[in-house]
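Chain naming here is simple, since letters A, B, ... match the order of the sequence lines and numbering starts at 1 in each.
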2 protein chains.
Amino acid sequence: MKDSIEQKCLAKGVKLTDQRKIIAKVMSESNDHPNVDELYRRVSVLDSKISIATVYRTVKLFEEAGILTKHEFKGDKARYEELNEGHHDHLIDVQSGKIIEFVDDEIEMLQKKVAKKLGYDLVDHKLELYGVKKKS
Amino acid sequence: MKDSIEQKCLAKGVKLTDQRKIIAKVMSESNDHPNVDELYRRVSVLDSKISIATVYRTVKLFEEAGILTKHEFKGDKARYEELNEGHHDHLIDVQSGKIIEFVDDEIEMLQKKVAKKLGYDLVDHKLELYGVKKKS
DNA sequence: GTAGATGCAAAGTATTTGCGACAAG
DNA sequence: CTTGTCGCAAATACTTTGCATCTAC
C-alpha cells in the first residue's frame, strides 16, 4: 500500500526520479490536505536541495496522472490529497479550519440524477460543506 | 428590481459612487458569471476611466455585503454572480464551458443532514457538477 | 467638512517557464 | 544515448495596497 504511488507511476509510464519518490512518500504519509508550501516544507526535510518549482511540477503531473487530487476551498490556497478508490467529500469547520471527510451515497446518487435530468453525464463533481460545531 | 443592488448598498450603508453604480448595473444585467477581467471590460464601455483596482475593490466589497457571490470553478479564474434569494448550484459543461444553474431541494436537505450527523450546523456549501452532454 | 473612494503604479502572492546541467530508462 | 527532469532565476497571472487626490453624504 505504502508504495502505491510509485506503482501508479510505473503503470502510467511516469519516470520515477528521486524527487518524485520523495514527494510521493510525503503525500502518502500525509493524512491532511497540504498546500504546496507545506508540502515543500515537508519534502525539504528529506531533501533540502529539492526546489519548489519541482514540487509544483510534480503535483500537477500527479494530478494529471490521477494520483493526487487538488482542492480549492473557499479563500484558501490549493491543497492536495492522495486519490484513492474510495471517493469522499469534505466538510470544513469554518472556525478551526479542520477538514472532515465524509461519504454519502445518497447525495452521490442524486447528483447523477440531477445531471441526467439536465441532459448530462456526470464526469466529476465538487461538494464542500462549511459548518460550525453544533453547540447542543 | 433593476436597482436592487443600489438599494442593498443603501441598506448596508455602502457609499454609492458612480463607479459602484456602474459595476452594480453591469452585474445586474449580466446573466452569465463574468470574471473580473470580463467585468472590467464591460464596465469600461460605460466609463473608460474606471480602474481595474476599483473593480477588484468593489466586487470584494459587494461580496462581503452579500450582494455578489464568488465562484471558483475548476481551473478557471474567479467569477462573480449577483446573489438573489433563490439559491442555486451549478453544472459546468466541460466541453463548452457553459454553466447551467439548477436547484435541488433534496440535495440541499441531505447536505444539512450530513453536516448534522457530523456534529455541525451548515453555514455554507459549494456544489458543482461537471458533465458532458448525453449523447442519447 | 470629513471619512471614505478612486486612479495609478508599485508590491504581493501563487504558479509557470526558459535554459543549461543532469539523470532515468 | 536520448528524452525528459531538475534547479535556478526570471516571467507571468491575478490581486492587493500606498499615496495623493477627489467625492458622497
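The NZ atom of Lys12(B) sits 20 Å away from the C1' atom of dA5(C) (whole-angstrom rounding). Look at NZ on Lys49(B): it is 13 Å from P on dT23(D), rounded to the nearest Å. Across the protein-nucleic acid pair, Glu64(B) atom CD and dA5(C) atom C1' stand 15 Å apart, rounded to whole Å. One interatomic measurement links the two molecules: CZ of Arg20(A) to C1' of dG7(D), which rounds to 14 Å at whole-angstrom precision. Rounded to whole angstrom, the span from the CD1 atom of Ile50(B) across to the P atom of dA5(C) amounts to 14 Å. Straight-line distance from the CD1 atom of Ile22(B) to the P atom of dA5(C): 17 Å, rounded to whole Å.
No side-chain heavy atom of Gln19(A) sits under 4.5 Å from any side-chain heavy atom of Thr58(A).
Using a cut-off of 4.0 Å between Lys/Arg side-chain N and Asp/Glu carboxylate O, Asp124(B) and Lys74(A) are scored as salt-bridged. Between Asp32(B) and Arg42(B) a salt bridge is recorded (basic side-chain N to carboxylate O distance below 4.0 Å). A salt bridge links Asp121(A) with Lys116(A): the distance from a Lys NZ or Arg NE/NH1/NH2 to an Asp or Glu carboxylate oxygen falls below 4.0 Å.
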Run Lys60(A) and Glu63(A) through salt bridge (Lys or Arg N to Asp or Glu O under 4.0 Å) and show every step you take. CA-CA 5 Å; Lys60(A) 184 182 250 192; Glu63(A) 194 196 356; over 6 Å; no
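Cluster membership check: Leu61(A) shares its hydrophobic cluster with Ile67(A), using side-chain heavy-atom separations under 4.5 Å among Ile, Leu, Val, Met, Phe, Trp and Tyr. Cluster membership for Val94(B) and Tyr120(A), using ILVMFWY side-chain heavy atoms within less than 4.5 angstrom, is not shared.
For Gln19(A), a side-chain nitrogen or oxygen approaches OP1 or OP2 of dG7(D) to under 4.0 Å.
Note on ring orientation: taking the six-membered ring where Trp is involved, the planes of Phe73(A) and His71(A) are parallel (angle under 30°, cut-offs 30° and 60°).
Taking the screw axis at each terminus of the helix from dG1(C)-dC25(D) to dG25(C)-dC1(D) from five consecutive base pairs, the angle between the two is 50° to within rounding of 10 degrees.
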For a quick check, with a 4.0 angstrom heavy-atom cut-off, what is the B/S/- contact string for nucleotides 13-25 of chain C, read 5' to 3'? -SBBBB-----BS
